[in-house]
Each structure stands twice: as structure tokens, then as C-alpha cells.
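The chains referred to below are lettered A, B, ... by the order of the sequence lines, with proteins before strands, and numbering in each begins at 1.
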Amino acid sequence: MKAEKVKPLFLEAVKKLGITEECNFLFETPKNPEHGDLTTSIAMRLAKQLKKNPRQIAQEIIDQVSANASDMISKIEIAGPGFINITLSGKFYADGIRELFEKGENVGRSDFGKMQRVNVEYVSVNPTGLLHLGHGRNSCLGDTVATLYHWSGYDVTREYYFNNAGNQMQNLAKSIYARYMQLFQSDFPFPEDGYHGEYIKLIAAEIREKFDNTLKNPSVENMQIIRKYGEKWCFEKIKATLERMKIKQDVFYNEDSLYNTGKIQEILDFFKEKKLSYVKDGATWLKFSELGLQDDRVIVKSTGEPTYRLPDIAYHREKFRRGFDILIDIFGADHVATIPDVMAGVKALGYDSSKVHPVIYQFVTLTENGEQVKMSKRTGKSYTLDDLLDEVGPDVVRFFLLMRSGSTHLEFDLNLAREQSEKNPVFYLQYANARISSVIDNAKEAGIKLENDIDFSLLTHPREISLINTAMNFGQIILDATRKCEPQILADYLRLFASEFHAFYHDCRIIGVETDLQKARLALAITTKNIIKNGLTILGISTPDRM
RNA sequence: GCGCCGGUAGCUCAGUUGGAUAGAGCAUCAGCCUUCUAAGCUGAGGGCCACAGGUUCGAAUCCUGUCCGGCGUACCA
């Protein structure tokens, strides 16, 4: 955002040096404050092309830029091998903070996406069990990515894809049935590959409560009743957990509908017609080897049942047909293998697979006292998302699941999460917000009013400049986090920004200083609050005014 | 075997299309409350960026190889 304002001056200068083609150079914020506010290595990059000494090129650029003398820049100089360091003027910052202040509660919103239609698919758990921590990461990532797109000016649909037919539902029914029978006959055998979770026993107990012993005969009708009961039970629990996490979804897309409406058959026919599929050993294979992948794969088993690939491909085609410009899939690392198949399939159907953005996240481990807490499904003693929510609440859960990049393993430290103190990064952010709220309240009581007469150029203290500087990056941070589908970028930024606020608060008194300075500082505080509040809101974290 | 993700401070992790002296939080140690919320601020120590080569003005970042960890590699989803 800062860079955008200075860039035109440099593009002009570079053009004068004889560079006609689009040259993409960027400005960075130097780590060392002695190097100014912005720095660019463009001179070194152009050195080869122009066959000149980088320092000489830098000097020529500087001459050009200074000639167009802008009041945005107060100092511009060469450093080291040819860096151009720029120190921005007081006016630059005064204008910058004024702009942010005027945006008010809309700071961070943009129309960058031009209302392109985005579909974000997440959670997508089949109704056979309860949500655990891994699902939590999926849900929070998806939900936050969707919110980021919304703030960046896209038309977002939040989608949940599920399958309530197929083997796993039969398995659920069999598992519940076995637990149900065990209530009458304790040695009734439990299926080897059944769902071992404790919740199955709860469902079984409820069923006995309602139906007594009338379902003991495992007839098709009875198993159907059990299956439906289990499905409903699980889905309600899942939805309740999502609600606790403040995760919303617009569309629940049922895999069944792909069959009912003939979509699956259409795809089969298409592949057959294009000679991209063939039958071998009674199964239908898709020629992935002709679609740029290693091996052919089965799409319909010899039993006549499709493998997951077929509906996945059909589902993605439907998303394209529904008119989405961007398709985002949130997948756990265990699903990476399906991605190339779907991509290849979609491409073969004539759609632009580059519009599909899979977001992969690595696994979550839960640690307590330095030891890993088991979350295994099979042992039955899984630690569910609800258990975690009971212990630390949704704000902490969301922040912890979002504060790491999806590409790395996430260690969820229960001890730290339980900590209700400054050690816990969530409270650090919420505290900043509460602190500002308190100041704003005090200002109101003191009768301080902000009209259109704020002189932002009075904000010259290093802490003020530093805070404004970081505030001015907020818009770009939102866009970066959106484009990369990385809420962690925002979470990280907010920690930095809050720490800059705390330092400012410590060194610069707001209420009780000279009238004009008081107004300017209050306006800065209000802008800071808007940014922290919007940032936390995007992450789905509450912003209490008092703590 | 092959594919994907990772290996950065005691621990958990950042590190902006390759940039200047490698960053944060926690932990350890030392300071700061008669003043707007001390759930805060300031400072110190702590590093062979897994290892070995290569590319170039310049590498934690790019390339090759090796080692370690996780996840895949089904006519399971």
C-alpha cells in the first residue's frame, strides 16, 4: 500500500533509463530502520540488462525521482551495493493515517475481487462421527479463507460436501446395531472395522430408549431406521460443534444428488465417448496416463460401485457449471493424492483446472505437559473438538488453529491454550482492543470530540510513525492472506500490530495532552482499534471491550 | 521404491517473486506501575538456518545429492 504510492515515480524513472518492457520490482520494508522506510534493489536487478554499475544506475534513478520532487519522500539515497533507500515524509504518513481513519470500520475491505464468484469447500465430514481437532483445522481454515475472500471483494459461497450413502453409513449402522445388541446381550460381537467411538454407545442407548427391543431383528427396515437415526444424531452434533466455533456454511451439497440427477452417468458416458475409459477385469478404468499422470485408475469397481474419484470429478464439474470463477478446496494432508486425479478429470471435461485451488494443511497434534495426547479414532477415546471447546473456548481454539501456516504441522499446546494470561497470544490481542476501548470511553467522558479538524501531521513520535506505518500495511496483508489462503499471515500481522500499539500506548499519552495532539492521537487509537477489531473478526475471534 | 509437506534459538514457529547485522512468542535473567486497563513496556543472553556441493555481486530462500520426521502411494473416502 505504501509502495503503491511511490511506485509510479520509479516506473517513470526506469522508463527514462531505457527500460521499456514491464519491469516488476518491489519495495521492501527494511529490517534495519537506518535503511529508511522503503527499499528497493531494482538497480542491482537492472545491472546486467543495462551493463552498468548498479550504484550508477541507482544514482540515475534517484536523480530522476528527485527531479519529480514529490512531497512524499523526505530522503532518498544509495546504500551498499546499490540499494535505494527511501525515507518517507511526515506528510506521507499524515495522509496515510487520515485515509485509514476516514475508512472507519471499513478499514481492510476492498473491491479487489470485483465480485468474482468463489466457492470455498470445507469441513465436508461424512455424518459418521464427531469432529476432532483435525476437522477443526479444516473448518477454521476454510471459514477464515471464505471470510478473507469476502472482505477482499469476492462473492463467496461456503460449502459443505457430504455423503450419507455408501459403505461408511452401512458401517455406522452396523456399529450402532452391535452396541444396541450389547445392551441386551453383553457378548454380542462388535464388527472388526466398526466405529469404536464412545458416541456409538450413546446413540445405541438412545435408540433403546425410543424403540426398546423392537429393532433386534437386523432386517433391512430396522437397519435403515438405525442408520437414519445415527446419521441425524451425528449431523446434529457436527452442526452444533460448528456453531460453537462460529463456523457458517451456505450450501450442504449431498453426493447422492450427483447420482439421482444422472450427473455421474453423464461423466461416464463422456469419458467413454472420448475413449478415455476402458473396461478391464470387470472394472472401468480412466486413462489418467493419457491425462498427464502416471497410472490409470479405477473409477467404477467391478461390483458396479464407483470409487471416490468419479463423484469427486463430477462434483467439481458441477461447481464449474454453477458458475464459480474460483474453486477452493480445503484438504488434509491425507487427501493430497486425490487432487491430481480431480484436476486431470476436470481438465479432460474441458474446464480450466487452474481455477481449482487446493489448500492443503498438515496434521495437528495435541500436546499436554510436553507429551502428545492421543486422538485416535479407533481406540474410541478420542479427544473431540467439543472437549477442547469446553476447556479453552472458541476464541483460543480458532486462534491456535489459525496461527500456523497450513504447510507445517501444528502443535496444539493445551497448557498454553488453557493459560488465561499474557502468555496466551489471543489475550494479548484482545487486551489491546479492550485497552483502546477504555481510552475511547474515557475520551468520551472527557468530552473530547473529533470533527474534521484533525491535524495528523502532529503525529511525529517514533512510536506513532511506526504504528501508522504498520497500519498502512493492513490492506495489503488482507490481500496477501486472501491470495495465498493463509490466515496465518493476518494472525502474525495482528500480533506485530498490537505490540506496536502497546508500545505507543506506553510512550505516548493520549488523554490529557495538548488539545490538537490529543485529537490526533485519539484518531490514531480509533483507527488502531478498527484494524485490530476487523482483523480478529476475520479470524472469527471475539473482541470484548472489557477484560 | 515413488510423490507431497516439513527440518531455522532450549520449546513452538515467522522469515515478503534471492538482499544489508537471522526474527517473534514462550522459557531464562535484569529493569519499569501516585498518571488513559502491568493480560502492558524496556533490555540481556541464546543460532554451523539438518548436512554436502552448485548457481551469483549476494542464498535460510533457487538447483543437485544425502540424512531425519510426517502423510500418501487401493477395485477404502
Side-chain angles (χ1 to χ4, degrees), chain A residues 24-32 34-35 39-41 44-45 47-48 53-54 79-83 85 124 126 163 166-168 193 255 280-285 294-295 297-303 305-309 311-312 332-340 360-363 365 367 370 403-413 415-416 419-432 434-443 446 473 476-477 480 488-489 491-492 495-496 498-499 501-513 521-522 525 546-547:
Chain A
N24 61 335
F25 61 95
L26 79 164
F27 293 90
E28 292 175 81
T29 307
K31 291 167 199 156
N32 186 339
E34 283 172 28
H35 295 144
T39 185
T40 178
S41 57
M44 278 118 85
R45 284 169 200 277
K48 248 181 235 158
N53 180 318
F83 292 101
N85 292 340
S124 297
N126 290 332
N163 179 6
N167 280 332
Q168 24 182 4
D193 55 350
E255 185 182 329
K280 191 178 94 183
D281 305 330
T284 306
W285 295 67
Q294 199 70 36
D295 301 310
R297 300 283 183 197
V298 170
I299 52 173
V300 181
K301 299 184 227 172
S302 52
T303 59
E305 264 179 291
T307 63
Y308 66 88
R309 292 183 190 90
D312 274 5
D334 53 340
H335 279 66
V336 276
T338 74
I339 294 165
I360 312 299
Y361 61 91
Q362 302 297 315
F363 279 19
T365 53
T367 58
M403 70 180 178
R404 302 297 179 215
S405 160
S407 66
T408 117
H409 282 254
L410 190 153
E411 190 171 312
F412 196 108
D413 184 340
N415 300 84
L416 182 59
E419 192 85 45
Q420 299 273 325
S421 75
E422 79 285 355
K423 290 175 195 166
N424 193 323
V426 184
F427 295 112
Y428 185 78
L429 297 176
Q430 290 182 324
Y431 180 64
R435 234 183 180 185
I436 304 172
S437 299
S438 170
V439 174
I440 294 171
D441 284 351
N442 294 341
N473 289 333
Q476 190 58 48
I477 290 289
D480 282 353
Q488 169 266 328
I489 292 173
D492 232 42
R495 289 165 85 164
L496 168 72
S499 112
F501 167 74
H502 286 307
F504 156 75
Y505 177 90
H506 187 264
D507 287 358
C508 304
R509 216 189 140 74
I510 298 165
I511 296 169
V513 295
R521 283 184 173 167
L522 183 59
R546 286 185 201 297
M547 289 180 72

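If you check every strand for non-hydrogen atoms under 4.0 Å, A:S438 touches a base. Here A:Q430 lies out of heavy-atom contact (under 4.0 Å) with every strand. At a threshold of 4.0 angstrom between heavy atoms, the contacts of A:T29 include nucleobase atoms, whether or not backbone atoms are also involved. Across all strands, A:S437 comes closer than 4.0 Å to no nucleic acid atom at all (heavy-atom distances). Using a 4.0 Å heavy-atom distance criterion, A:M403 is classed as making no nucleic acid contact. Residue-level contact check: A:N53 touches neither bases nor backbone, having no heavy atom under 4.0 Å from any strand. Residue contacts shown for A:D413 are absent, as no nucleic acid heavy atom lies under 4.0 Å away.
Of the side-chain N and O atoms in A:N415, none sit less than 4.0 angstrom from OP1 or OP2 of B:C11. OP1 or OP2 of B:G19 has not a single side-chain nitrogen or oxygen of A:S41 nearer than 4.0 Å.
For the C1' atom pair drawn from B:U55 and B:C62, the interatomic distance equals 8 Å after rounding to whole Å. Separation of the C1' atoms belonging to B:U56 and B:U73 is 39 Å when rounded to the nearest angstrom. Rounded to a whole angstrom, the distance from the P atom of B:A59 to that of B:G40 is 39 Å. To the nearest whole angstrom, the two P atoms, one in B:G47 and one in B:C4, are 34 Å apart. Taking atom P on both nucleotides, B:G15 is separated from B:G23 by 15 Å, rounded to a whole Å. With P as the reference atom, B:A27 and B:C41 are 13 Å apart, rounded to whole Å. Atom C1' of B:U8 sits at a distance of 9 Å from the matching atom of B:A22, rounded to the whole Å. The same atom, C1', is picked in B:C71 and in B:U64; the two are 25 Å apart, to the nearest Å.
Two residues are said to be in side-chain contact when any heavy atoms from C-beta on lie closer than 4.5 Å; A:V298 and A:T284 fail this criterion. Side-chain contact check for A:R546 versus A:S437: every heavy-atom pair is 4.5 Å or farther apart. A:Y431 is listed as a side-chain neighbour of A:H502, based on a closest heavy-atom distance under 4.5 Å. Counting heavy atoms from C-beta outward, A:T365 and A:L410 have side chains that stay 4.5 Å or more apart. Side-chain contact between A:T367 and A:F412 is absent, with no heavy atoms from C-beta onward closer than 4.5 Å. You'll find the side chain of A:F363 reaches within 4.5 Å of the side chain of A:D334, heavy atoms only. Contact annotation: the side chain of A:K301 never approaches that of A:I299 to less than 4.5 Å [non-hydrogen atoms, C-beta and beyond]. Contact check for A:F501 versus A:L496: no side-chain heavy atoms found under the 4.5 Å cut-off.
Under a 4.0 Å N-O distance rule, the pair A:D413/A:K423 does not qualify as a salt bridge.
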Which letters describe nucleotides 39-45 of chain B, given B = protein heavy atom under 4.0 Å from base, S = only from sugar-phosphate, - = neither?
BBSS---

Can you build the contact string for nucleotides 68-77 of chain B? Use B for base contact, S for sugar-phosphate-only contact, and - for no protein heavy atom under 4.0 Å.
--BSS-SBSB

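Glycosidic conformation of B:C33: syn, with the torsion inside 90° of 0.
Spacing between atom CZ of A:F412 and atom C1' of B:U12 amounts to 13 Å, rounded to whole angstrom units. Here B:U34 presents its P atom at 14 Å from CZ of A:R509, a figure rounded to the nearest Å.
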Would A:M403 and A:D492 count as a side chain to side chain contact (heavy atoms under 4.5 Å, CB included) if you check the C-alpha gap in whole Å, the side-chain angles of each, and the deciding distance to 0.1 Å?
CA-CA 7 Å; A:M403 70 180 178; A:D492 232 42; over 6 Å; no

